[in-house]
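Since the structure comes first, as C-alpha cells, the remarks are kept for the end.
Computed from heavy atoms alone, side chains included, the values below leave out hydrogens, waters and symmetry copies. What you are looking at is a predicted structure, and each value in this text was computed from that prediction instead of being measured.
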Amino acid sequence: METIFKSSLGVQMDAFLREYGGRLKNKHILYAVSTNLAEDREISRSTRGRAGGINIKIGKSTGNPYARLKSYTNMSSNYQAQFPQSGVRVLFVRTYPKRKESQSGKPIVEIVETLLKRALRADNRKVPRRGEEIFNINPVDLFGLIETLGTEEFQYDERRSSERLGKRLLWVITDTVTGTMKLMFADDYDSVLKKFAESTDPSLMDDRTRLLTRYYIRPVTRNFPAGGNAQPTEVPRDSTTVEAPEASADSTPIRVTRGSRIRPR
C-alpha cells in the first residue's frame with residue numbers, strides 16, 4: 001500500500017491528475033474527494049456524540065483509476081476562479097496491490113472500502129438524503145481511520161493446481177428436454193490452437209494435446225488420385241509447419257453413419 005496524496009485542504013482535480021496521474025496506472029485505489037459547493041465545504045456543528053466535519057465522498061477504482069477520477073471533471077466541471085463553487089477537490093488517494101493471474105481472492109481495496117464505510121456508518125457519519133458514499137467527517141480523522149484499518153491480514157491466495165487459468169475455449173451444453181449434449185466452441189478457438197501449435201515443441205505435448213492440435217502442427221489434407229485402388233497422398237508440408245510424431249493408428253477418428261449396419265441374409 002502507498003498513500004499517493006493526503007491533504008485536509010485538498011487540491012483541485014485537474015491539478016491532481018496533472019501531477020499524480022502517471023502514478024495511478026495499473027493500480028487499485030481508494031480515494032476521498034469533496035466538491036467546492038458551500039454546503040460541502042462548510043464545517044458542520046460539533047455535538048456531544050461526534051466532532052464536526054465536511055461532506056466527503058469515499059470511492060474506489062479497480063479498473064482505470066485515472067479515468068475514474070477524470071470523470072468527476074465531466075460531472076462537476078473543472079475548477080474556475082470566477083466560479084468558486086465549481087470543480088472537485090481531491091483529499092486522499094491510496095493504492096493497493098492488484099491480484100495476479102496466479103492468485104485468487106477479493107480485491108483488497110474492496111475489503112478496505114467495505115470496512116471503512118461500515119465504520120463511518122456505525123459512527124453516524126452518513127449524510128442524510130445524499131448518496132450512499134457521502135459522509136460528514138473531519139478529513140484528518142478520516143485519514144487516521146483509513147490508516148488504522150489493518151490490511152496486513154488480507155492477502156491473496158495462490159490458485160490451487162486444479163483451478164483453471166486463462167480463457168475457456170470449449171465447453172459442453174446439455175439440452176434439458178432431450179438430454180442431448182453439444183460442444184460449443186469459442187469464436188477464437190482455431191486461432192488460439194494454431195498459435196499454440198506453432199509456438200510449442202510437439203515433443204513436449206502429451207498424446208491428447210498432440211491429437212488436438214494435429215491439424216495445425218501437421219497437414220492432414222489428402223489428395224485422392226483417380227482409380228478405386230489408388231492410395232491417398234499427403235499434401236507437401238509447408239516449410240514453416242512444425243513436425244509432429246506419427247499418431248497411433250487407433251487415434252484416427254472413425255465416422256459412424258446411422259443406418260449403415262449390414263443386414264444379415
Side-chain angles (χ1 to χ4, degrees), residues 1-36 40 53-79 86-121 125-127 130-160 163-168:
M1 284 73 70
E2 177 189 7
T3 299
I4 292 181
F5 181 81
K6 178 173 63 175
S7 171
S8 58
L9 296 178
V11 63
Q12 303 303 331
M13 180 65 75
D14 55 343
F16 172 84
L17 292 176
R18 283 197 303 268
E19 184 171 354
Y20 299 96
R23 299 174 62 180
L24 303 178
K25 188 176 181 180
N26 297 324
K27 300 288 180 63
H28 286 176
I29 67 168
L30 179 75
Y31 62 87
V33 297
S34 182
T35 73
N36 291 314
D40 287 339
I54 63 174
N55 294 339
I56 299 176
K57 182 182 187 300
I58 308 296
K60 71 173 185 305
S61 173
T62 56
N64 185 336
Y66 183 94
R68 181 69 185 94
L69 294 179
K70 180 69 175 176
S71 67
Y72 283 99
T73 65
N74 299 330
M75 293 182 291
S76 302
S77 76
N78 285 321
Y79 173 77
S86 62
V88 173
R89 291 174 296 123
V90 180
L91 306 176
F92 183 90
V93 175
R94 193 175 195 184
T95 65
Y96 292 85
K98 297 182 67 174
R99 184 179 57 209
K100 300 178 182 178
E101 290 187 357
S102 61
Q103 296 175 325
S104 63
K106 190 175 184 178
I108 294 176
V109 68
E110 290 189 9
I111 299 175
V112 173
E113 182 195 38
T114 299
L115 295 176
L116 177 61
K117 291 180 179 179
R118 185 179 300 167
L120 291 172
R121 292 190 184 101
R125 294 289 183 175
K126 174 71 177 63
V127 178
R130 294 288 295 271
E132 291 298 319
E133 299 179 333
I134 308 296
F135 301 91
N136 185 268
I137 187 173
N138 185 298
V140 176
D141 295 337
L142 176 64
F143 305 156
L145 178 58
I146 296 175
E147 292 172 353
T148 58
L149 293 176
T151 57
E152 295 76 11
E153 59 182 301
F154 305 119
Q155 302 293 332
Y156 295 124
D157 299 323
E158 294 298 325
R159 291 185 185 270
R160 300 186 298 273
E163 292 189 75
R164 302 300 193 261
L165 299 177
K167 176 182 174 62
R168 179 182 296 181

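Glu132 is listed as a side-chain neighbour of Lys126, based on a closest heavy-atom distance under 4.5 Å. Under the 4.5 Å side-chain criterion, counting only non-hydrogen atoms from C-beta, Leu142 is not in contact with Leu91. Residues Lys60 and Tyr96 fail the side-chain proximity criterion, which asks for heavy atoms closer than 4.5 Å. Side-chain contact between Asn55 and Thr35: absent, with no pair of heavy atoms (C-beta onward) separated by less than 4.5 Å. Two residues are said to be in side-chain contact when any heavy atoms from C-beta on lie closer than 4.5 Å; Val90 and Leu69 fail this criterion. Annotation: side chain of Tyr31 is not in contact with side chain of Phe16 (no heavy-atom distance under 4.5 Å). Leu116 places none of its side-chain heavy atoms less than 4.5 Å from the side chain of Glu113.
Heavy-atom minimum distance, Pro97 versus Ile108: CG-CD1, 3.9 Å. Across all their heavy atoms, Pro65 and Lys27 have their closest contact at CG-O, 3.6 Å. The two residues Val127 and Asn136 come nearest to each other via the heavy atoms CG2-N, 3.6 Å. Here the closest non-hydrogen pair linking Ile29 and Val109 is O-CG2, 3.5 Å. The two residues Gln12 and Asn36 make their nearest non-hydrogen contact at OE1-ND2, 3.0 Å. The heavy-atom pair separating Ile134 from Lys57 by the smallest distance is CD1-CB, 3.5 Å.
Ala15 pairs by the side chain to side chain contact (heavy atoms under 4.5 Å, CB included) definition with Val11, Arg18, not counting sequence neighbours.
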Can you list, pair by pair, the side-chain donor-acceptor contacts under 3.5 Å of residues 3-10, counting residues two or more places apart and other chains?
| residue | atom | partner | partner atom | Å |
| --- | --- | --- | --- | --- |
| Thr3 | OG1 | Arg94 | NE | 3.4 |
| Lys6 | NZ | Glu147 | OE2 | 3.0 |
| Ser7 | OG | Leu9 | N | 3.3 |
| Ser7 | OG | Gly10 | N | 3.1 |

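Going from atom OH of Tyr66 over to atom CG of Asn26 covers 15.0 Å, rounded to the nearest 0.5 Å. Rounding to the nearest 0.5 Å places CD1 of Ile58 at 9.0 Å from CG of Leu145. Taken to the nearest 0.5 Å, the CD1 atom of Ile56 stands 9.0 Å off from the CG atom of Leu120.
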Residues Phe135, Arg130; criterion side chain to side chain contact (heavy atoms under 4.5 Å, CB included); working and verdict: CA-CA 9 Å; Phe135 301 91; Arg130 294 288 295 271; over 6 Å; no

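At distances below 3.5 Å, at least one donor-acceptor pair connects side-chain atoms of Thr95 with backbone N or O atoms of Glu2.
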